[in-house]
Amino acid sequence: MRSARIACATLIVLAIGANAQATLRTVTVDETTLRFKPDTLVIHVGDIVQWVNPAGNVMGHTSTSGTGSADPNTGKHWDLGPFGPGTSVQHRFTGPGTYPYYCIPHELSGMKGKIVVLNAVDATGTGAKAALVALLLLVGGYAIWKRRSVPATSRS
Ligand SMILES: [Cu+2]
């Protein structure tokens with residue numbers, strides 16, 4: 001039982017450690033619709049978002065935090081670009097929250113997006129899933145231990 005607990009604790013630590021790794025996530029500029037794709041991206045703290053302006057596009061774009069030019073905090077978190085066709089820009093998200101952003105030259109066309117940053121461990125994270133599996137193993141181990149403790153004479 002003690003070794004099972006230690007194994008589970010190790011699994012949980014490994015799960016949290018693995019989930020703390022930074023992942024590179026991509027948002028692509030679609031010039032046919034003047035939209036960021038996807039326009040809402042859910043990531044985890046520590047992840048890096050890369051905005052890509054594909055070669056073949058013809059315009060420069062920005063990724064600027066805030067809801068628009070009227071936002072008093074526009075550009076407070078990041079203000080990248082303009083980046084031309086065939087180039088990209090990146091920003092690493094270090095705090096949880098919902099971060100709206102937009103493209104300065106195409107604000108009036110509605111070119112905007114949102115990055116939702118979740119804590120490293122949450123209900124939908126792989127770390128949480130691994131921790132749940134570890135907990136189920138712990139519960140399972142306990143159930144097996146209980147069954148074995150039942151005297152043979154009491155079995156039907
Ligand atoms: Cu743009």
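Positions are given from 1, in the same order as the sequence printed here. Here the structure is a predicted model, which is why all the values come from computation and not from measurement.
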Report task. Would you check if F36 and V29 make a side-chain contact, meaning some heavy-atom pair closer than 4.5 Å? Result -> yes
Query raised in the report: When the ring planes of F93 and W51 are compared, do they come out parallel, tilted or perpendicular, using 30° and 60° as the limits?
Result: tilted
Query - Spatial distance of atom NE2 (H91) from atom OH (Y101) [nearest 0.5 Å] - result: 12.0 Å
Report summary line: With L24 as partner, the option from I43, D47, I48 fulfilling side-chain contact (heavy atoms from CB on, under 4.5 Å) is I48
**Report entry** Atom pair CE (M111) and SG (C103), whose distance is rounded to the nearest 0.5 Å
**Finding:** 4.5 Å
Query raised in the report: Got a sec, which residues hit side chain to side chain contact (heavy atoms under 4.5 Å, CB included) with S88, two or more places apart in sequence or on another chain?
Result: Q50, V52
Report summary line: So CG of L34 and NZ of K112: to nearest 0.5 Å the spacing works out to 13.5 Å
Report task. May I ask you to check whether S63 and W78 show a side-chain donor-acceptor distance below 3.5 Å? Result -> yes
Query raised in the report: Side chains of H106 and H61: closer than 4.5 Å at any heavy-atom pair?
Result: yes
Query - Side chain proximity check, S69 to I104, heavy atoms < 4.5 angstrom - result: no
Query raised in the report: When clusters are formed by joining ILVMFWY residues with side-chain heavy atoms under 4.5 Å apart, either directly or through shared neighbours, do V49 and L80 land in the same one?
Result: yes
Query raised in the report: What residues, two or more places apart in sequence or in another chain, satisfy salt bridge (Lys or Arg N to Asp or Glu O under 4.0 Å) together with D79?
Result: none
Requested in this report: Would you check, one step at a time, whether the test salt bridge (Lys or Arg N to Asp or Glu O under 4.0 Å) holds for K37 with D30?
Outcome: CA-CA 7 Å; K37 294 210 167 162; D30 181 348; 3.1 Å; yes
Requested in this report: Taking T87 for its side chain and G84 for its backbone only, find out whether a donor-acceptor pair lies under 3.5 Å.
Outcome: yes
**Report entry** Rounded distance [0.5 Å steps], OG1 in T64 versus NE2 in H77
**Finding:** 13.0 Å
Report task. To the nearest 0.5 angstrom, please state how far the CG atom of N57 sits from the CZ atom of F83. Result -> 9.5 Å
Query raised in the report: For the residue pair A22 and G46, what are the closest heavy atoms and their distance?
Result: CB-O, 3.1 Å
Requested in this report: Kindly say whether V42 contributes a backbone atom to a donor-acceptor pair with the side chain of R25 at under 3.5 angstrom?
Outcome: yes
Query raised in the report: Between D39 and K114, does a side chain to side chain contact (heavy atoms under 4.5 Å, CB included) hold up when you go through it step by step?
Result: CA-CA 6 Å; D39 60 358; K114 194 167 35 175; over 6 Å; no
Query raised in the report: Are V58 and V89 connected, step by step, through hydrophobic side chains (Ile, Leu, Val, Met, Phe, Trp, Tyr) whose heavy atoms are closer than 4.5 Å?
Result: yes
Query raised in the report: Between Y102 and T62, do the side chains contain an N or O donor and an N or O acceptor separated by less than 3.5 Å?
Result: no
